[in-house]
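Report on the following structure.
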4 protein chains.
Amino acid sequence: MENLRDKKHAIFESTLDLIKQHGFHGAPMSLVAKNAGVAAGTVYHYFESKEQLICELYNYNRERLVMIINSCLQQTSSYKEKFFKIWTDLYKFYVKEPNVLIFFEQFINSPFNVDQYKSDAGGMLHDFFAEGIKKGVIKSVKLEILLVLFMGSIHSTAKLQVFAKIPVTNSDLNRIVEILWDGVTATKKPLRTRI
Amino acid sequence: MENLRDKKHAIFESTLDLIKQHGFHGAPMSLVAKNAGVAAGTVYHYFESKEQLICELYNYNRERLVMIINSCLQQTSSYKEKFFKIWTDLYKFYVKEPNVLIFFEQFINSPFNVDQYKSDAGGMLHDFFAEGIKKGVIKSVKLEILLVLFMGSIHSTAKLQVFAKIPVTNSDLNRIVEILWDGVTATKKPLRTRI
Amino acid sequence: MENLRDKKHAIFESTLDLIKQHGFHGAPMSLVAKNAGVAAGTVYHYFESKEQLICELYNYNRERLVMIINSCLQQTSSYKEKFFKIWTDLYKFYVKEPNVLIFFEQFINSPFNVDQYKSDAGGMLHDFFAEGIKKGVIKSVKLEILLVLFMGSIHSTAKLQVFAKIPVTNSDLNRIVEILWDGVTATKKPLRTRI
Amino acid sequence: MENLRDKKHAIFESTLDLIKQHGFHGAPMSLVAKNAGVAAGTVYHYFESKEQLICELYNYNRERLVMIINSCLQQTSSYKEKFFKIWTDLYKFYVKEPNVLIFFEQFINSPFNVDQYKSDAGGMLHDFFAEGIKKGVIKSVKLEILLVLFMGSIHSTAKLQVFAKIPVTNSDLNRIVEILWDGVTATKKPLRTRI
DNA sequence: GATGAATGAGCTTTCATTCAT
DNA sequence: AATGAATGAAAGCTCATTCAT
């Protein structure tokens with residue numbers, strides 16, 4: 001049992017690793033296997049096909065995101081604090097595990113992704129934003145739009161940090177989330193003269 | 001000369017088409033050629049390799065973005081109006097040519113993309129935001145961050161419209177750009193009580 | 001001991017079943033095992049290799065044919081009656097157990113069949129025909145030829161019934177054996193005018 | 001054009017050869033290609049898949065049989081003479097090209113054979129036997145039965161000659177066809193006493 | 001320039017067999 | 001005796017690229 005988890009996990013890690021290093025094309029099953037320390041055939045004990053391996057890998061990591069969001073939502077803090085914490089924790093996750101970030105980016109735009117655009121992390125963020133709108137904290141915008149702006153900004157920023165090697169400091173992060181927060185909340189700002 | 005342009009263009013269109021329909025994997029050179037109405041070998045008269053074809057295709061379309069931005073910048077209008085127009089025009093371009101949108105998404109996370117993360121449309125947006133910050137209109141944030149937030153939101157929204165088939169109305173669009181604008185500009189909002 | 005027979009038998013039946021359903025290619029050892037309700041490794045306790053399994057299965061079923069023929073030969077009836085009974089009983093056996101029919105057909109033309117063309121059911125039919133010739137009942141033809149004509153017509157007819165779903169009635173059967181009988185016996189027929 | 005026929009033909013011959021030597025299992029596409037003097041990929045220019053290669057090969061050779069039968073039928077000779085000539089010419093064909101004989105045997109009992117039991121050579125033999133029955137020359141038996149008996153005896157005899165290395169002389173052949181002819185024609189023989 | 005048949009390395013997947021438990 | 005996870009050679013097939021015409 002322990003072993004099974006281990007092997008599956010090793011295959012998951014191997015796949016993420018190869019995709020990170022050489023892109024989707026650079027992860028042939030033979031390499032996935034070798035990298036995981038198993039034989040080619042062994043992968044097919046755990047996954048019916050490459051497609052299933054990729055899809056399970058996606059679901060597994062989506063689950064990890066869900067858990068992060070869940071843990072944020074269960075804290076006793078203000079709506080705004082939750083908003084900031086979710087954004088920041090997801091960002092930190094991606095930066096800590098760039099493999100996952102790259103994999104997600106690749107997966108979403110791939111023939112493996114059948115459900116084009118269920119890319120949000122479960123329905124929880126959906127509910128979170130719906131609550132915000134009901135409370136009058138968040139602008140009344142289509143939930144899907146809020147979702148993609150929120151997630152998109154996390155991905156974008158993490159990619160900046162991870163790939164472009166542009167260091168994103170904590171204060172940068174705060175600024176970014178503030179931009180987002182200000183954007184989705186600010187409704188009545190003092191009029192400004194024409195710029 | 002005319003012929004050359006025609007054939008090259010046909011190959012470009014064929015490639016975009018196939019990538020849109022079947023993803024990056026679904027665009028083998030043989031199909032690209034057939035779809036373009038030329039022989040397989042002919043493609044190699046115009047492009048040294050598949051990699052070069054893809055890269056030229058990317059640069060060609062990046063140029064189209066640059067021209068859109070350029071045309072916006074040359075108008076005599078306020079900074080804010082330019083901000084809105086650039087966002088909206090780029091958005092419209094992607095919605096009108098979803099092939100290009102998909103191709104960009106695929107390209108950025110592909111082994112073809114050597115310059116990981118020069119995804120901005122030339123340096124013009126860079127300058128545009130620098131100008132905004134200098135003027136005091138835009139929050140003082142790293143330019144790269146502003147860029148990815150700006151471009152990311154366009155991509156995200158266009159994908160929503162094109163793939164998820166969630167209709168994005170003009171009023172939705174305005175809201176989204178307002179969110180962005182409010183986010184990157186708002187500096188002194190009336191204090192709000194704890195939410 | 002009982003157990004051993006049971007397991008072996010289960011494996012035999014499983015193999016026949018799979019070959020019937022999906023042809024020789026559709027009977028991998030893993031499926032043979034699963035279908036027989038045992039583990040993959042277990043099959044290798046009873047049979048050294050797939051080749052041996054197949055060969056033993058062949059011999060086992062050849063033995064069943066031999067028993068049928070034997071039982072026919074031991075009856076006290078005329079030569080002709082025996083001829084008809086052997087043909088009919090073998091035919092009935094194949095129709096009742098199409099698995100075996102298909103298996104035989106596949107086996108004979110397979111790399112497993114080392115002794116290309118010992119396809120007769122033991123030497124008994126050989127002797128039966130030799131006796132018929134000595135008695136002057138059967139035309140003097142090479143024994144091997146009589147054998148393949150006899151067995152071939154049984155196979156052909158059974159395949160017709162089982163696969164082609166062309167119903168073969170009892171009267172059809174009689175006609176067929178009569179054709180064979182008339183063929184191998186008739187020596188002096190009334191002259192017929194040119195047809 | 002010439003070339004195309006040549007390559008296709010070479011692949012056909014290579015396939016027949018390998019199947020003859022090592023059975024259906026011993027004809028992997030890689031060997032088929034090498035044996036035909038072409039690259040692995042080349043085979044797939046001429047045939048969409050292994051299945052199609054096999055099926056085309058079958059149809060090609062079935063056509064050869066049809067031509068042999070046709071040429072026999074067009075001769076001005078008695079029904080009986082045609083009956084004998086068809087049998088003998090088909091037999092000679094198989095003996096001359098044992099590759100084809102083996103291939104047919106393998107094909108008929110294989111997952112490639114979708115039309116289980118259209119194994120007769122076109123409808124011509126069908127018509128030939130129907131004519132015989134109408135004329136009153138042939139016993140009134142289901143046409144399918146006549147067909148399988150006729151073709152089956154040819155296959156059986158050819159296999160005997162080719163594989164079992166039992167020499168079948170011309171006089172043997174005559175005897176065999178006579179057996180068949182006597183069987184399917186003889187209707188009123190002088191009663192014989194109990195044997 | 002243009003063609004498309006030919007190439008062959010490399011891909012995903014299968015399966016007879018082994019062996020630690 | 002029995003298990004079934006693990007193996008890895010080999011299968012069918014794809015595709016970027018070349019080259020004689």
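The sequence lines fix the lettering, A, B, ..., with proteins before strands; numbering per chain opens at 1.
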Please tabulate, for side-chain N and O atoms in residues 15-23 of chain C, each donor-acceptor pair with protein atoms closer than 3.5 Å (sequence neighbours left out).
from, atom 1, to, atom 2, distance (Å)
C:T15, OG1, C:I11, O, 2.7
C:D17, OD1, C:N99, ND2, 3.4
C:D17, OD2, C:Q21, NE2, 3.0

Side chain to side chain donor-acceptor pair (under 3.5 Å) partners for D:E13, two or more places apart: none

Any donor-acceptor pair under 3.5 Å from C:E97 side chain to C:F93 backbone: no

D:F24 CZ to F:dG12 P, straight-line distance once rounded to whole Å: 11 Å

Heavy-atom donor-acceptor pair, A:H45 side-chain to F:dA6 base, under 3.5 Å: yes

Full working for side-chain contact (heavy atoms from CB on, under 4.5 Å) between B:Y46 and B:E56: CA-CA 11 Å; B:Y46 295 102; B:E56 278 197 33; over 6 Å; no

Ring center gap for A:F104 and A:Y58 short of 6.0 angstrom: yes

Of residues 14-21 of chain A, the positions that come close to DNA chain E - non-hydrogen atoms, cut-off under 4.0 Å: none

Earlier contact from the 5' end, DNA chain E, for C:A27 and A:P28: A:P28

Partner residues of C:Y94 under the side chain to side chain donor-acceptor pair (under 3.5 Å) criterion, sequence neighbours left out: C:H155

Pairing stems for DNA chain F [at least three consecutive pairs; Watson-Crick or G-U; under 3.5 angstrom]: E:2-21 with F:2-21

Between P of E:dA16 and OH of C:Y46, the distance in whole Å: 20 Å

Sugar-phosphate, base or nothing in reach of D:V43, heavy atoms under 4.0 Å: nothing

Distance in angstrom units between C:I11 CD1 and E:dA16 C1', rounded: 15 Å

Test of ring centre spacing under 6.0 Å for D:F47 and D:F12: yes

Distance below 4.0 Å between B:K7 side-chain N/O and E:dA2 OP1 or OP2: yes

Hey, what are the protein-to-nucleotides 17-21 of chain F N/O distances that come in under 3.5 Å?
from, atom 1, to, atom 2, distance (Å)
F:dT17, OP2, B:Y44, OH, 3.1
F:dT17, OP2, B:K50, N, 2.8

